[in-house]
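Order of the sequence lines sets the chain letters (A, B, ...), proteins ahead of strands, with each chain counted from 1.
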Amino acid sequence: MLDVKDLRVRYGAVEAVKGVSFSVSAGSIVSLIGANGAGKTTSLRALTGLVRPSSGEVRFETASLLGRAPHEIVGLGIAHVPEGRRLFPKMTVLENLKMGAYRARRQKDIASTLGMIYEHFPILKERGRQVAGSLSGGEQQMLAIARALMSRPKLLLLDEPSMGLSPIMTAEIGKIIRQINDRDVSIILVEQNAMLALTLAQYGYVLETGSLVMQGNAQELLRDEGVKKAYLGI
Amino acid sequence: MTASLLVQSAVIGLSIGSIYILMALGLTLMFGMMHIINFAHGAVYMLGAYVIYYVFFQSGAPYFVSFVVAMVLLGVFGYLVERSIYRPVKGGIEPTLVALLALTTFLQAAGYPVFGQLDKHVPPVFEGTKNVLGVMVSVERLVIIPIAAALVVGLYLFINKTKMGAAMRAIEQDKEAAALQGVNVHVVNGLAFAIGFALAAASGALMAPIFKLDPMMGEQPLLKAFIIIILGGLGSIPGAIVGGLMLGLIDSIVATALGAEPAFLLSFVFIILVLLFKPTGLFGYAQ
């Protein structure tokens with residue numbers, strides 16, 4: 001479904017992503033793990049056009065994504081929940097959700113998607129008229145994910161969904177990620193919480209200072225001594 | 001100062017304030033979304049007034065038609081400025097500001113050979129006076145208030161009730177997040193330029209029958225609009241409205257009572273006081 005080949009991104013003199021390749025097959029959860037500054041976030045930002053890669057190739061289904069603007073990439077079926085959630089804090093929960101469906105043409109489609117979202121996130125219906133900035137961290141993360149789902153994506157990019165959340169809330173988000181995947185949405189999960197990421201994913205990639213150092217079946221990575229020591233703290 | 005003089009200068013203050021508001025709204029909208037100050041706003045005001053001179057006075061088109069022509073022409077000009085200046089520098093604030101200053105200087109300098117060295121005058125459009133609370137006020141001044149109010153309400157509805165308006169608010173809060181939802185940020189920024197320019201043109205078009213026309217005529221209202229958006233809070237639309245009304249009333253009532261220079265001085269004293277107690281302006285908030 002998604003194929004990334006030899007992706008390179010530089011910020012001025014610094015190369016943040018140094019030739020990373022990975023792929024996502026339809027219906028799967030793939031996880032990118034690694035420490036701060038490993039290039040995980042930058043890789044996602046390159047996929048959705050927020051930064052321009054210096055070289056490489058990104059194919060989604062039949063389309064090449066390189067050189068496309070973010071708003072076009074959403075239209076192809078990729079939704080990106082950025083690091084830090086990036087909600088519209090002064091808009092209400094409902095307005096945020098409607099922004100997620102910005103490219104939908106028919107009101108009927110928006111209403112039915114919204115109904116589905118409310119089924120999964122009843123709290124968002126309850127908080128519909130509240131401004132997004134007033135939600136708790138966990139609720140904000142749910143809203144960020146729900147807003148992305150409003151575009152009815154085939155592929156969802158999640159950047160650090162567990163950041164700043166309590167263990168209970170993190171488990172809740174994990175459950176939600178599974179449910180989304182059960183609805184045939186493929187997911188790229190970027191996490192510093194490697195345990196969460198590798199438990200959810202089928203396949204994992206380990207990044208270190210911009211390069212891919214290891215990849216494999218998520219279960220195998222969980223058992224790997226190097227991964228255990230470096231990322232799982234055991 | 002007699003009561004009748006007070007009423008009269010209050011009405012004139014409201015009408016001047018309306019012009020200030022129209023100028024300030026575009027500036028604050030563009031600042032909120034793009035963090036740029038449109039230095040060309042005064043030059044656009046000037047061009048709006050000249051459109052009235054040529055289309056209404058010289059060509060004899062109805063005033064209302066000329067007014068719409070001014071707004072549409074300069075709105076399109078605004079969109080083109082976004083395309084040719086703001087977009088190519090990829091959101092660079094400093095290059096945009098320098099380019100807008102250059103554009104302003106060019107438009108003003110070009111004004112003299114194109115429009116002539118001598119001041120132009122547009123004959124009155126709405127003649128006569130009207131009785132307001134027992135005081136006679138010129139209709140020309142009075143009519144500005146409902147026209148400006150209609151434009152303000154229109155803008156308010158556009159921003160709060162339409163999808164494009166929601167996109168503008170989204171860009172103001174988080175440009176990247178807006179792009180990730182599928183908003184074509186370039187097009188919406190272009191629309192903000194168009195709206196800002198059209199409102200500045202409307203201000204100039206409304207003032208054309210009242211003041212003399214010369215290529216530098218936009219400098220004074222531009223300065224006032226700067227003061228208003230700082231007073232009201234940068235990026236705040238309610239701030240621009242309240243600030244515009246306050247400054248218009250100060251300008252008119254104090255000028256009538258004490259003269260133009262004290263009024264000018266007092267408006268600055270007032271702003272310094274407001275900023276001392278609320279540095280982000282009346283409706284502003286720390287970014």
**Complete:** One option among B/A170, B/A179, B/A166 has the most heavy-atom pairs under 4.5 Å with chain A, and it is B/A170
[atom1]/[X]: more than 12 non-hydrogen atoms of other groups inside 6.0 Å:
X	atom1	value
A/H120	NE2	yes
A/K175	NZ	no
A/Y118	OH	yes
B/F158	CZ	yes
B/R87	CZ	yes

**Message:** So which atom in A/V74 and which in B/L180 form the shortest heavy-atom distance, rounded to 0.1 Å?
**Reply:** CG2-O, 3.1 Å
**Message:** To check you understand the geometry: which heavy-atom pair defines the closest contact between B/G182 and A/Y102, and what is its length?
**Reply:**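 Where B/G182 meets A/Y102 most closely, the heavy atoms are O-CD2, 3.5 Å.
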Quick check on the interface: out of [options], who has the most heavy-atom pairs with chain B under 4.5 Å?
options	result
A/A101, A/P70, A/G75	A/P70
A/E72, A/E95, A/K90	A/K90
A/M91, A/K98, A/R103	A/M91

**Toward chain B, the part of A/A104 with a non-hydrogen atom under 4.5 Å** =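 Backbone only.
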**Item:** Residue part contacting chain B, namely of A/R85, when any heavy atom lies under 4.5 Å
**Value:** neither
**Message:** Counting C-beta onward and ignoring hydrogens, is there a side-chain heavy-atom pair between A/P89 and B/Q173 closer than 4.5 Å?
**Reply:**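 Yes, at least one pair of side-chain atoms sits under 4.5 Å.
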**Separation of B/H186 NE2 from A/H71 NE2 (nearest 0.5 Å)** =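 Reported to 0.5 Å precision, the distance equals 7.5 Å.
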